Amino acid sequence: MTKIGLAYINGAVPGFEDFGNLPTDIVKENGLVNGKKASEELDALIIPGGTLIESNDINMELNSEIKKMARDGKPIIGICAGFQLLSNQIDIGRKSPVPIVKEGLGLIDVNFSPLITSDRVKAKVYDNSFLTKNQTEDVDGFHTHTYGKVEGDAKPLFYSQVQRMNYGDTNKSGEYNIFSGACNDDGNVIGTMIHGILDENPIIVENLLEQIDATDTEEIYNRNRDVKKFLKSEVGINTGIAIPEIKPFNRPKYLMIGSNGSDSGKTFIVTGLAGALTKRGYKVALLKVGPDVRDIIPGLYLTKGKMEEYASVKIGHLGWADIESTINKLNKSDYDIVLIEGVMSVFTGLLNEKVPFSAAEIAMSSNIPMILASGVNKGGIESAAIDLVSHANMLEKFGISVEAILLNKVYNENIFDNVVPYIKNNTNVKNVLKLPKLKSADMRGFIPEVEIRYELFTSHAMNLIEDNLDVELIVSMAREVEFDKIYSFDEIKSKVV
């Protein structure tokens, strides 16, 4: 019986993609599969993406089993963070004046350093491993990483054509090739930064099955269903929090988390809500306005959800899928609630002649209700309240329903209580909510776009939401929606004036 393992460890996102529907067995952090050593039980191993390096949760037992499988010539495929784990070293010091170097297993002769990309990609293929045999066309997939610069002497497998790096367009032609996949000298240990490579490229899957002499493909797919059922049985990884099986809605309901600027805590709030809703049995879809889908990965860590092909909502030329096609696909899906994370301020980009170019325009297009959030850590609670009133009233002018105003990182409850009447008296918003400032002294691993430890970030986010917000009240704010239209630049200007 063919056995293909999937690493199930803190910091990993094993539900992020389907991996060609191939995994048949779960591999825990102790390197065991059903109580037996992975190297003895498995024919192949897949190591998913996540924050395996930052989390420091790969222990010696699993490391030993991975190395043993590599020595035995068994296929090992590491994707994104899984690739980093197989490499020599990783510099995670993106905003550090000096490198912060983490050691990998040294199975693939490459090093990693900071490089941000989050594109849907096509990648050129090099025939240096069994995996790429007969793959004459470019492969499809997507990138979403912070530490993606790959350098070294390993045999190349893929070069991805990306349009943007480090928040900027690459060049005038809109295309730039980056090293995105490699293998060891024997060709059995493979790493790639391309997510979805086993889902979107059938020849790659056929090559893997052929390499391990798998003839029981029907049995593989049947056992994969059991693996997926296991993944969906628990919120996050190793939390012990069971997900109940319910189907509350016939159609998905939508809610956007917008803000009056960056550093408002949108990612933290969306993550916590995603976990709290999943814990209650809701199937949650996560979208990000704009291209930086890295922001919704912590939420997907808790929901075990896929990074859908429409997860990045286009604004201008940035993103993966337009809002009309996204709404149409979601309304035919089995999701219950769709949480949409805004980008910067809801009005950032509003007067760009490329439309839509702001979170407000995306909400307008389909009458998506919104929770409007602000962090109070920079200008204080009073300043945030005044700013939120202004934002809420302008959103109302645009026809957007602000279901709640949420002050985040509140450091003084008395001041918060004093600004609530001001907000309610000067807007039509009924619900004024708050989240307290985190008391944790050690915030390392809490910054999604620099360094994040998923198990730490997500547990704090979910706990804070559950301890301070009425989750069912939040559910009641979500609405079924239909795409209406994209407003023209002239229509938008007329509403601003």
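If you're wondering where the values come from, they're calculated on a predicted model, not measured in any experiment.
Of the inter-residue distances, the one linking Glu245 atom CD with Ser233 atom OG reads 9.0 Å to the nearest 0.5 angstrom. Atom-to-atom distance recorded for Ile371:CD1 and Ile340:CD1 is 12.0 Å, nearest 0.5 angstrom. Atom-to-atom distance recorded for Glu234:CD and Ile241:CD1 is 8.0 Å, nearest 0.5 angstrom. The line from CG of Asn408 to CD1 of Ile381 is 11.0 Å long, rounded to the nearest 0.5 Å. Residue Met344 holds its CE atom at 11.5 Å from CG of Asp292, rounded to the nearest 0.5 Å. With values rounded to the nearest 0.5 angstrom, Thr144 atom OG1 is found 5.0 Å from Met307 atom CE.
Phe83 approaches Phe112 most closely through the heavy-atom pair CD2-CZ, 3.5 Å. Between Lys28 and Leu62, the closest heavy-atom pair is O-CD1, 4.1 Å. The two residues Val227 and Pro23 come nearest to each other via the heavy atoms CG2-O, 3.6 Å. The two residues Ser118 and Val293 come nearest to each other via the heavy atoms CB-CG2, 4.3 Å.
Other residues, nucleotides and ligands contribute only 12 or fewer heavy atoms inside 6.0 Å of the CG atom of Asn250. Surrounding NZ of Lys430 are at most 12 heavy atoms belonging to other residues, nucleotides or ligands under 6.0 Å away. Remark: Glu413 CD is loosely packed, at most 12 non-hydrogen atoms of other residues, nucleotides or ligands lying under 6.0 Å away. The local environment of NZ in Lys332 is sparse, with at most 12 non-hydrogen atoms from other residues, nucleotides or ligands closer than 6.0 Å. Within a 6.0 Å sphere centred on NZ of Lys304, heavy atoms belonging to other residues, nucleotides or ligands number more than 12.
Not one N or O on the side chain of Ser383 forms a donor-acceptor pair closer than 3.5 Å with the backbone of Gly380. The main-chain N or O of Ile243 is never found under 3.5 Å from a side-chain atom of Lys232 such that the two would form a donor-acceptor pair. Between the side chain of Asn352 and the backbone N or O of Lys354, at least one donor-acceptor pair lies under 3.5 Å. In terms of modelled atom types and a separation under 3.5 Å, the side chain of Asn331 and the main chain of Val481 share a donor-acceptor contact. Here the side chain of Asn393 pairs a donor or acceptor atom with the backbone of Asn426 at under 3.5 angstrom. Checked by atom type and distance alone, the side chain of Asp169 never pairs as donor or acceptor with a backbone atom of Arg164 at under 3.5 Å. In this structure, the side chain of Tyr254 does not engage the main chain of Ile368 through any donor-acceptor pair within 3.5 Å. Here the side chain of Thr117 pairs no donor or acceptor atom with the backbone of Asp119 at under 3.5 angstrom. Between the Gln89 side chain and the Asn111 main chain, no donor and acceptor come within less than 3.5 Å of each other. Of the possible donor and acceptor atoms, one in the side chain of Ser180 sits under 3.5 Å from a partner among the backbone N and O of Ser160.
Contact annotation: the side chain of Ile9 never approaches that of Val27 to less than 4.5 Å [non-hydrogen atoms, C-beta and beyond]. Taking 4.5 Å as the limit, every side-chain heavy atom of His145 sits out of range of all side-chain heavy atoms of His195. Looking only at side-chain heavy atoms (C-beta outward), Val496 and Lys493 stay at 4.5 Å or farther from each other.
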For this session: Please assess Lys279 against Glu466 for the test side chain to side chain contact (heavy atoms under 4.5 Å, CB included), listing each intermediate value before the final yes or no.
Result: CA-CA 10 Å; Lys279 184 177 175 181; Glu466 292 196 306; 3.1 Å; yes
- Intermediate values then yes/no, side chain to side chain contact (heavy atoms under 4.5 Å, CB included), Ile492 and Lys495: CA-CA 5 Å; Ile492 292 166; Lys495 292 179 181 292; 5.9 Å; no
### Task
Begin with the C-alpha distance, continue with both residues' side-chain angles, and end with the deciding distance and a verdict on side chain to side chain contact (heavy atoms under 4.5 Å, CB included) for Thr458 and Thr239.
CA-CA 11 Å; Thr458 58; Thr239 63; over 6 Å; no
Self-check item: Verdict with supporting geometry, Lys485 and Tyr487, side chain to side chain contact (heavy atoms under 4.5 Å, CB included)
Solution: CA-CA 6 Å; Lys485 70 172 189 174; Tyr487 285 78; 3.5 Å; yes
Show your reasoning for whether salt bridge (Lys or Arg N to Asp or Glu O under 4.0 Å) applies to Glu308 and Lys329. CA-CA 11 Å; Glu308 301 283 8; Lys329 288 178 181 177; over 6 Å; no
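There is a side-chain donor-acceptor pair under 3.5 Å between Glu341 and Thr267. If you check the side chains of Thr146 and Arg94, you find no donor sitting under 3.5 Å from an acceptor.
Of the charged side-chain nitrogens involved, at least one lies within less than 4.0 Å of a carboxylate oxygen, so that Lys228 and Asp18 count as a salt-bridged pair. Look at Arg251 and Glu482 and you find a salt bridge, because one of the NZ, NE, NH1 or NH2 atoms lies within 4.0 Å of a carboxylate O, short of that distance.
Taking the six-membered ring where the residue is Trp, Tyr301 and Tyr454 present tilted rings, their angle falling between 30° and 60°. Between Phe16 and Phe142, the angle of the ring planes lies from 30° to 60°, which puts this pair in the tilted group.
Taking the six-membered ring for Trp, Phe457 and Phe268 have ring centres closer than 6.0 Å.
Cation-pi contact between Lys409 and Tyr411: absent, since separation from the ring centre below 6.0 Å together with deviation from the ring axis within 45° is not met.
For the pairing with His391, the side chain to side chain contact (heavy atoms under 4.5 Å, CB included) check across Ile405, Val346, Val402 returns one residue only, Val346.
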